[in-house]
Amino acid sequence: MPTKGPSRLLTGSVLAVFVVFFVPPVLWLVLAATKTDQQLVHDNPLSFGSWHALKANWDALTAFQDNAIMQWLGNSALYAVISLVITLCVAVPAGYALAMTEFRGRRTLLVSTLVVMLMPTATLVVPLFLEINAVHLIGTMWSIILPYSFYPFGVYLTYIYFTTAVPKDLLAAARMDGCSEFGVFRHVALPLATPVVALVGFFSFVANWTNYFLPYVMLPESSQMPVQVEVGTLLSNVPSFNPAVGTHRPPEQTGPAGLRPAGQHVRRQGRVVHSRPKRR
């Protein structure tokens with residue numbers, strides 16, 4: 001009982017540190033929309049600008065490339081939602097099968113899943129590009145959706161849940177009552193797995209929405225890009241973030257766009273060669 005006060009103090013101190021560390025950047029991001037370029041540079045970072053500046057910034061945002069921001073948001077939502085549906089339809093049954101069945105190679109498959117989880121996403125972009133290019137899907141939405149749907153973390157998370165949280169005796173009782181294996185999964189295991197399904201869905205959607213490098217390499221047209229990629233184009237046209245705006249610089253030296261040709265390839269005469277992206 002005497003340790004309750006110090007324990008609360010320690011907990012409160014740790015939470016306060018996290019608040020101080022994480023809240024100001026988010027607050028700055030929200031307040032930045034209410035400021036002009038000059039206010040953004042010279043005023044207090046956490047001060048409120050004006051409602052007039054907020055409206056002017058919104059009008060400028062929607063006027064950029066004829067309201068392209070809405071198209072980019074729609075692209076992001078389309079890619080993320082379709083990939084999420086495929087991920088849930090694949091990852092949850094796969095995790096259940098790994099947890100509830102014994103077969104040759106099961107341990108190897110689990111270890112392989114862990115290894116893939118530890119690999120940085122960027123390391124898979126080149127082999128994914130070559131694979132998608134081999135089936136002529138480069139430049140289509142499926143070049144984004146199919147790789148997005150590959151989510152080994154979701155498989156392993158559902159495997160852990162079904163192994164530890166779902167009683168095997170309950171599933172055995174359902175089988176004794178005449179349920180098929182699919183019926184056991186559909187009517188018993190899946191309703192019990194609602195928390196992990198929601199968790200996998202959340203993580204998958206966030207990972208898809210924030211994935212930058214894959215669509216940057218796979219999609220040649222600006223109209224196909226998700227918002228997380230094209231927001232870089234927006235920032236590169238704002239003098240406060242890019243002082244080089246208005247100066248003459250070679251295209252390959254103007255920020256991330258210079259990296260694009262290195263990832264854009266086409267098959268020509270049996271070789272993979274570089275090509276410049278088609279941008280509007």
Side-chain angles (χ1 to χ4, degrees), residues 73-125 127-128 131-132 135 137 140-215 218-219 226-228:
L73 286 170
N75 291 340
S76 290
L78 177 67
Y79 302 151
V81 170
I82 296 179
S83 302
L84 172 62
V85 173
I86 298 175
T87 296
L88 292 179
C89 291
V90 173
V92 178
Y96 175 82
L98 286 172
M100 298 301 172
T101 59
E102 295 286 345
F103 55 89
R104 181 177 298 178
R106 175 174 174 267
R107 184 179 180 85
T108 303
L109 189 57
L110 287 171
V111 172
S112 301
T113 303
L114 282 173
V115 170
V116 174
M117 285 170 52
L118 296 175
M119 296 176 63
T121 306
T123 61
L124 299 175
V125 170
L128 282 173
E131 183 177 4
I132 296 297
V135 292
L137 290 178
T140 69
M141 69 175 186
W142 297 109
S143 65
I144 305 301
I145 291 173
L146 294 179
Y148 274 4
S149 304
F150 178 70
Y151 196 52
F153 176 71
V155 175
Y156 199 78
L157 192 62
T158 53
Y159 160 76
I160 294 295
Y161 183 86
F162 284 122
T163 301
T164 58
V166 177
K168 291 188 177 182
D169 292 341
L170 183 62
L171 303 181
R175 294 187 187 97
M176 291 179 62
D177 287 341
C179 261
S180 63
E181 197 61 44
F182 179 77
V184 172
F185 170 72
R186 170 67 180 84
H187 298 291
V188 181
L190 192 57
L192 294 174
T194 302
V196 76
V197 171
L199 197 60
V200 170
F202 173 78
F203 285 145
S204 174
F205 183 85
V206 171
N208 295 341
W209 187 273
T210 57
N211 192 313
Y212 177 90
F213 197 48
L214 183 69
M218 296 289 187
L219 299 175
V227 68
Q228 65 267 26

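Atom CE of M176 is surrounded by 12 or fewer heavy atoms from other residues, nucleotides or ligands within 6.0 Å. Heavy atoms from other residues, nucleotides or ligands lying under 6.0 Å from CZ of R175 number more than 12.
Between atom CG of residue L199 and atom OG of residue S204 there is a gap of 11.0 Å, rounded to the nearest 0.5 Å. For the atom pair F162 CZ and L98 CG, the distance stands at 11.0 Å (nearest 0.5 Å). To the nearest 0.5 Å, the span separating CE on M141 from CD1 on I82 amounts to 4.5 Å. Expressed to the nearest 0.5 Å, how far CZ of F182 lies from NE2 of H187 amounts to 7.5 Å. Here the OH atom belonging to Y79 is positioned 12.5 Å from the CG atom belonging to N211, to the nearest 0.5 angstrom. Once rounded to the nearest 0.5 Å, the distance linking CG of L118 with OG1 of T113 reads 11.0 Å.
The two residues S83 and N208 come nearest to each other via the heavy atoms CB-ND2, 3.5 Å. What you find for V184 and C179 is that their closest heavy atoms are CG2-CB, 3.6 Å. Nearest heavy-atom pair, P226 versus S76, reported as atom, atom and distance to 0.1 Å: CB-OG, 3.0 Å. Summarising the geometry of W142 relative to P147, their closest heavy-atom pair is O-CD, 3.7 Å, with the distance given to 0.1 Å. In terms of heavy atoms, Y212 sits closest to Q228 at CD1-O, 3.2 Å. Residues S149 and I145 approach most closely at OG-O, 2.7 Å, considering heavy atoms.
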Stepwise, does the side-chain contact (heavy atoms from CB on, under 4.5 Å) test hold for M218 with L128?
CA-CA 9 Å; M218 296 289 187; L128 282 173; 4.0 Å; yes
As a quick check of understanding, evaluate side-chain contact (heavy atoms from CB on, under 4.5 Å) for L214 and Y148, giving each step before the final call.
CA-CA 9 Å; L214 183 69; Y148 274 4; 3.8 Å; yes
What's the verdict on side-chain contact (heavy atoms from CB on, under 4.5 Å) for N75 and I144, showing C-alpha distance, side-chain angles and the deciding distance?
CA-CA 11 Å; N75 291 340; I144 305 301; over 6 Å; no
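Under a 3.5 Å cut-off, the side chain of T194 and the backbone N or O of P191 do form a donor-acceptor pair. The main-chain N or O of A91 is found under 3.5 Å from a side-chain atom of T158 such that the two form a donor-acceptor pair.
Listed by first and then second residue, the salt bridge (charged side-chain N to carboxylate O under 4.0 Å, His left out) pairs that reach into residues 196-212 come to none, sequence neighbours excluded. Under the salt bridge (charged side-chain N to carboxylate O under 4.0 Å, His left out) criterion, no residue pair touches residues 144-168, with sequence neighbours excluded.
Qualifying ring-ring contact (aromatic ring centres under 6.0 Å, His included) partners for F203, counting only residues two or more places apart in sequence or in other chains: F153.
Classified by interplanar angle (parallel below 30°, tilted 30° to 60°, perpendicular above 60°), the ring pair F185/Y96 is tilted.
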